[in-house]
Amino acid sequence: MPQLNDLSRSLVALDQDSTIIAVVELSQSSWLVGGVLPGIERQPQKKLEPSAERLLGLLHRWRDEAVRAGKKITRIALAFEAGRDGFWLARWLNARGVEAHVIHPSSVAVSREHRRAKTDRLDTELLKRGFLGWLRGERGHCSMARVPTIAEEDAKRPNRERECLVGERTRIVNRMKATLARLGVRNFKPTLRKAAERLATVHTPEGMPLPPNTLAELQRDMARLGFVVSQIREIEQARQKRLEQETETEPHAMVRQVARVIGIGIETADMLVNEVLSRPMRDRKAVARYAGLTGSPDESGARRREQGLARAGNARVRRGMIQLAWRFLRFQKESALAQWYRARTADSRLGTRKTMIVALARKLLIALWRFVTTGETLEGVILRPAG
């Protein structure tokens with residue numbers, strides 16, 4: 001029985017005599033559109049300027065051409081690969097009566113030849129074959145990405161912006177420490193509250209003040225660091241305010257529910273909810289696969305080996321869950337998952353803990369997904385009081 005959120009194949013029957021099928025190879029400079037038209041022997045290809053209006057006009061022109069050939073067109077199905085342009089084009093076309101889909105680029109099979117011809121026209125033909133198989137309901141041709149709403153995409157921005165700012169803060173601090181280390185100064189901490197005032201009093205081991213150009217550079221770095229820290233604080237305060245004012249909204253309610261688990265803070269809970277837990281997932285396997293926490297076995301004949309994590313999912317969720325798994329072992333020692341991990345790593349073999357922490361991260365993510373979607377309790381996990 002087909003499942004509701006299965007995007008590996010189309011759940012709508014394909015009537016090719018009444019359906020225009022089109023694919024678009026997107027780039028910054030041009031869009032190459034390829035189509036399959038009922039009643040038309042040729043399969044047209046047209047290069048356009050990057051314009052949604054021009055694309056819609058071309059689809060309507062192809063529809064009129066098929067109607068003149070004696071076909072009644074009831075459906076226009078179009079697909080393109082996910083990329084830099086995101087999902088805005090799919091939303092724009094869906095609002096205008098075109099059935100738009102976004103293909104996972106890694107799900108399209110390509111030739112394994114060491115050297116192969118690769119052009120936009122060849123890529124368009126490859127997408128067309130994969131999309132046709134998907135529309136026919138056959139598995140294995142390609143997989144579609146779920147098109148999020150603007151509100152869902154916007155909800156991810158604060159966490160992602162904060163992640164970039166934290167990385168920028170780390171880069172500035174490391175650069176300042178490296179500059180001071182070249183002069184033999186190792187006891188200055190740029191992250192302290194009064195670090196900017198203390199900078200002018202720093203001396204080298206020889207007792208000399210900092211050189212003027214170096215001092216000016218460090219002062220500019222301190223000003224930049226203060227600005228980045230203030231922006232991080234602004235993002236955190238705005239998020240806390242939203243959680244307090246919109247407690248009943250579903251994503252915010254999920255964040256508050258996940259943050260009840262001892263060892264999970266608001267930042268991690270917000271990332272998990274907006275990146276994975278609030279998405280409509282088919283089953284637990286889809287949850288683990290989306291996070292990139294599944295293996296990639298390499299088996300052929302008598303050869304059996306594991307190549308490591310597939311890394312085909314959301315890298316933010318994967319990194320966050322592995323860090324959370326280590327933290328979970330510290331704060332939830334009596335939970336069933338922590339006991340399972342300790343039992344599996346009791347032999348202390350080399351590499352066992354590293355391998356099993358990924359398995360723990362996968363089990364923990366699935367448990368949190370069930371916790372917020374079905375209310376299934378986490379066995380042995382200590383929760384903060386509600387409210």
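Throughout, numbering of the chain's residues begins at 1 and tracks the sequence.
Under the 4.5 Å side-chain heavy-atom criterion for grouping Ile, Leu, Val, Met, Phe, Trp and Tyr, L383 is connected to L243 within one hydrophobic cluster.
For the pair R305 (side chain) and P297 (backbone), a donor-acceptor distance under 3.5 Å is absent. Judged by distance alone, the side chain of T345 and the main-chain N or O of Y341 form a donor-acceptor pair under 3.5 Å.
Remark: K241 does not engage E244 in a salt bridge, criterion side-chain N to carboxylate O under 4.0 Å. The existence of a salt bridge linking E125 and K128 is confirmed by a sub-4.0 Å separation between a basic side-chain nitrogen and an acidic carboxylate oxygen. Ion pairing between R239 and E267 holds under the 4.0 Å rule for side-chain N and carboxylate O.
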Can you give the donor-acceptor pairs under 3.5 Å from side chains of residues 76-86 to other protein atoms, not counting sequence neighbours?
none

Pair up each side-chain donor or acceptor in residues 176-194 with any protein partner under 3.5 Å, not counting sequence neighbours, and list the distances.
residue, atom, partner, partner atom, Å
T179, OG1, R175, O, 2.9
T179, OG1, R182, NH2, 3.4

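Annotation: side chain to side chain contact (heavy atoms under 4.5 Å, CB included) contacts of H104 (sequence neighbours excluded): S107, S143, A145.
E161 and Q231 form no side-chain donor-acceptor contact under 3.5 Å, judged by distance and modelled atom types alone.
Enclosure of atom CZ in R284 is not indicated, since only 12 or fewer non-hydrogen atoms of other residues, nucleotides or ligands lie within 6.0 angstrom.
At least one test fails for R330 against the ring of W326: distance under 6.0 Å to the centre or angle within 45° of the axis.
With respect to L337, the side chain to side chain contact (heavy atoms under 4.5 Å, CB included) criterion is satisfied by exactly one of L329, V381, L364: L364.
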